[in-house]
Amino acid sequence: MRPIIEFCASNMHHGTDKVMKKLEENPDYDVLEYGCLGNCGGCYLSPYALVNGETVVAATADELYEEILRKIKEIEEWDNLFE
């Protein structure tokens with residue numbers, strides 16, 4: 001299953017715009033941007049994204065990128081268990 005990575009436009013002040021652009025370069029990912037993902041309190045405090053509907057949060061945008069890749073790998077490993 002292709003990972004779906006969702007970003008909130010209101011969270012871009014944390015540098016998540018650069019993370020989103022980096023992930024968009026990978027044709028195996030579906031990267032989406034929304035005006036709001038409904039996580040306003042968390043959105044204000046730190047960089048975050050949704051990976052297949054699961055919230056991924058980090059202290060910095062660079063750490064968020066690494067956490068997103070880790071979450072994708074975790075999901076792929078689970079998918080491989082059921083093949």
Side-chain angles (χ1 to χ4, degrees):
M1 174 196 326
R2 292 172 56 96
I4 299 171
I5 307 157
E6 300 168 282
F7 289 90
C8 179
S10 298
N11 192 249
M12 297 300 172
H13 68 278
H14 289 291
T16 54
D17 56 328
K18 294 176 186 96
V19 174
M20 186 177 78
K21 287 177 184 162
K22 213 169 169 180
L23 292 166
E24 285 176 329
E25 294 173 3
N26 188 326
D28 294 330
Y29 301 157
D30 287 329
V31 180
L32 306 167
E33 178 184 355
Y34 294 101
C36 181
L37 290 174
N39 185 25
C40 299
C43 183
Y44 175 76
L45 295 174
S46 57
Y48 88 101
L50 299 180
V51 178
N52 286 6
E54 292 185 48
T55 304
V56 177
V57 181
T60 67
D62 290 335
E63 289 176 18
L64 178 65
Y65 178 76
E66 295 302 321
E67 286 298 314
I68 290 170
L69 295 181
R70 186 191 63 72
K71 178 55 84 176
I72 290 169
K73 184 177 179 183
E74 178 185 302
I75 291 167
E76 288 171 348
E77 288 172 355
W78 273 104
D79 286 346
N80 290 337
L81 287 175
F82 298 105
E83 287 184 347

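Counting begins at 1 with the first residue of the sequence.
Residues Gly35 and Cys8 come closest through the heavy atom pair O-SG, 3.8 Å. Here the closest non-hydrogen pair linking Ser46 and Ala58 is CB-O, 3.5 Å. The nearest pair of heavy atoms linking Val56 to Leu64 is O-CD1, 3.4 Å. Minimum heavy-atom separation, Phe7 to Leu37: C-CD1, 3.7 Å. Counting all heavy atoms, side chain and backbone alike, Cys36 lies closest to Cys40 at SG-SG, 4.2 Å.
Between Glu74 atom CD and Asp79 atom CG the span is 11.0 Å, to the nearest 0.5 Å. For the atom pair CD of Glu6 and OG1 of Thr55, the computed distance is 9.5 Å after rounding to the nearest 0.5 Å. Distance CG/Asp62 to OH/Tyr65: 10.5 Å, rounded to 0.5 Å.
In this structure, Ile4 is a member of the same hydrophobic cluster as Leu50, with clusters built from ILVMFWY side-chain heavy atoms closer than 4.5 Å. Residue Val51 is not grouped with residue Tyr48 when hydrophobic side chains (ILVMFWY) are merged at heavy-atom distances under 4.5 angstrom, including chains of intermediate members.
Scored by the side chain to side chain contact (heavy atoms under 4.5 Å, CB included) test, Glu33 finds Ala9, Met12, Met20 as partners (sequence neighbours excluded).
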Give the table of side-chain donor-acceptor pairs shorter than 3.5 Å for residues 22-32, with sequence neighbours excluded, one pair per line with atom names and distance.
from  : atom 1 : to    : atom 2 : distance (Å)
Asn26 : OD1    : Asp28 : N      : 2.8
Asp30 : OD1    : Arg2  : NE     : 3.2
Asp30 : OD1    : Arg2  : NH2    : 2.7
Asp30 : OD2    : Arg2  : NE     : 3.3

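The pair Arg70-Glu66 fails the salt-bridge criterion, with no side-chain N (NZ, NE, NH1 or NH2) lying under 4.0 Å from an Asp/Glu carboxylate O.
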Verdict with reasoning, Ile72 to Ile5, per side-chain contact (heavy atoms from CB on, under 4.5 Å): CA-CA 9 Å; Ile72 290 169; Ile5 307 157; 3.7 Å; yes
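Formation of a donor-acceptor pair under 3.5 Å by the His14 side chain with backbone atoms of Ala59 is not found in this model.
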